[in-house]
Amino acid sequence: MHPSGCWQTVGVTSSDTASDTATDVPVELRDEAPEFVLPLVVRIEKDEPPARTDALETAARAVLTLLSDERARTVDGIDGEWARAVRDWQDSRIRKVVRRARGKEWRKATALPGITVTGERAEVRVFPPVPLDGWPKELAKLQVSGTELDEPAPPAAPEPGTPVLWLNPGLAMSAGKAMAQVGHGAQLAWWMLSDEEREVWRKSGFALTVRTAGRERWAELTAGGLPVVHDAGYTEIAPGSCTVVGDHPALRGRAGDL
C-alpha cells in the first residue's frame with residue numbers, strides 16, 4: 001500500500017479537481033478548458049446543526065440527484081437547461097465546493113436555481129455548475145472553510161445491499177471537505193453503472209450510507225477494483241491521498257467478492 005493510503009492498482013480515480021471524466025476528454029484539452037465547479041450549500045443553523053454522517057450522506061445524494069435530473073441531461077439530442085453547464089463541468093474537472101449557510105443566507109441560496117435534498121435533519125442544496133470565477137453573489141459570500149459537525153452517536157452498520165461510500169480511516173477531514181469527497185465517490189460509482197442500474201438506484205431515492213472503514217477493510221476496498229477518490233491535495237490533506245471508495249453492490253459483483 002502507498003503511504004497515502006491507496007494501493008497502486010486502482011481502476012478509477014478522482015480528486016477535488018477530479019482527473020477522470022465521463023467523456024474521456026484528452027488531458028491537454030481538459031486542462032486548457034475553463035474550469036467549472038459544482039456548488040453545494042449545507043444548512044447549518046446554530047441551534048440545530050445536522051449530524052456529520054447525515055450531512056455527508058445528504059451531500060452525496062444531492063450530487064446524484066442533480067446528475068439524474070432531466071434539466072442536467074441531454075435526451076434525444078435536446079439539452080436540458082443545465083445540460084451544457086454539467087457537460088462543461090464534467091469535461092473539465094469535477095470540482096465540488098461546499099459552503100454553509102443559515103437563516104437569511106440559506107433563504108437567499110434556496111431562491112437560486114438548484115435542488116434541495118433532505119436527510120434525517122440535514123438539508124443540502126446543489127446548484128448547476130458555475131465557472132470557477134463566476135459564482136452567484138449570493139453563494140460567493142458564504143463561508144467555505146471550517147465546516148465542522150458532530151456525530152451524536154456511532155452510526156449503525158450499513159444495511160446489506162445498500163451502496164456504501166467508505167471513508168479512509170487514516171485521514172482527518174472537516175465535514176465540508178468530506179462532503180465534497182463523498183460526492184466524488186457517488187459520482188464515480190454513478191459513471192460506472194449501466195442505465196438500468198442507475199434507474200434502480202434513482203427509484204430507491206439514491207439510498208446510500210457513508211461509513212469509515214476499518215484499516216484492514218480499507219486495504220481490501222482500495223485493492224478491489226472499485227472506484228476510488230484521489231485528492232488533489234489543495235486543502236487539508238496530502239496530494240494523492242485516497243479519500244473514499246464507492247462500494248455499490250452492482251460494482252462489487254464486477255470487482256469480486258469484497
Side-chain angles (χ1 to χ4, degrees), residues 5-7 9-14 20 22 40 50-69 72-73 94 96 115-124 126 149 151-169 171 173 175 178-230 242-258:
C6 316
W7 287 88
T9 54
V10 180
V12 182
T13 63
S14 178
D20 291 285
L40 297 108
R52 180 184 173 95
T53 295
D54 186 18
L56 267 60
E57 292 174 348
T58 305
R61 290 192 296 109
V63 171
L64 294 167
T65 300
L66 180 131
L67 291 172
S68 65
D69 192 279
R73 300 169 56 211
I94 57 169
K96 301 173 181 70
I115 306 169
T116 298
V117 177
T118 59
E120 292 183 12
R121 290 177 59 181
E123 294 181 70
V124 175
V126 61
L149 296 168
E151 198 70 79
E159 291 289 333
T162 301
V164 183
L165 301 171
W166 294 102
L167 292 163
N168 185 337
L171 292 177
M173 295 184 284
M179 288 170 70
Q181 297 300 306
V182 297
H184 294 332
Q187 185 168 0
L188 294 181
W190 174 259
W191 282 350
M192 293 181 69
L193 295 173
S194 68
D195 289 343
E196 293 77 13
E197 291 162 344
R198 290 178 177 182
E199 182 62 13
V200 169
W201 203 6
R202 186 189 67 78
K203 286 183 176 179
S204 76
F206 293 117
L208 59 82
T209 56
V210 174
R211 297 292 185 268
T212 300
R215 292 187 180 275
E216 291 186 4
R217 179 63 170 157
W218 180 254
E220 295 172 356
L221 288 163
T222 54
L226 292 167
V228 180
V229 179
H230 290 255
C242 291
T243 58
V244 175
V245 173
D247 182 13
H248 191 287
L251 303 179
R252 191 185 308 155
R254 300 172 200 168
D257 187 13
L258 290 175

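Counting from 1, the numbers follow the sequence of the chain as shown.
- Side-chain contact between Leu208 and Leu64 is present, with heavy atoms from C-beta onward closer than 4.5 Å.
- Under the 30°/60° scheme for interplanar angles, the aromatic rings of Phe206 and Trp201 are found to stand perpendicular.
- The side-chain contact (heavy atoms from CB on, under 4.5 Å) test with Val126 singles out one residue from Thr116, Leu66, Thr65, and that residue is Leu66.
- Put simply, the side chain of Arg52 reaches to within 4.5 Å of the side chain of Leu56, judged on heavy atoms.
- Counting heavy atoms from C-beta on, the side chains of Trp218 and Val245 come closer than 4.5 Å.
- The backbone N or O of Val63 lies less than 3.5 Å from no partner atom in the side chain of Gln187, so there is not a single donor-acceptor pair.
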Please determine whether side-chain contact (heavy atoms from CB on, under 4.5 Å) holds for the pair Met179 and Val124, giving the CA-CA distance in whole Å, both sets of side-chain angles, and the decisive distance to 0.1 Å. CA-CA 10 Å; Met179 288 170 70; Val124 175; 4.0 Å; yes
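- At least one side-chain heavy atom of Thr209 sits less than 4.5 Å from a side-chain heavy atom of Glu57.
- Between the side chain of Arg121 and the backbone N or O of Ala55 there is no donor-acceptor pair closer than 3.5 Å.
- Although no hydrogens or angles enter the test, the distance criterion places a donor-acceptor pair under 3.5 Å between the side chain of Arg61 and the main chain of Thr118.
- At distances below 3.5 Å, not a single donor-acceptor pair connects side-chain atoms of Trp166 with backbone N or O atoms of Arg211.
- The local environment of CD in Glu120 is sparse, with at most 12 non-hydrogen atoms from other residues, nucleotides or ligands closer than 6.0 Å.
- If you take CZ on Arg198 and NE2 on His248, they are separated by 11.0 Å, rounding to the nearest 0.5 Å.
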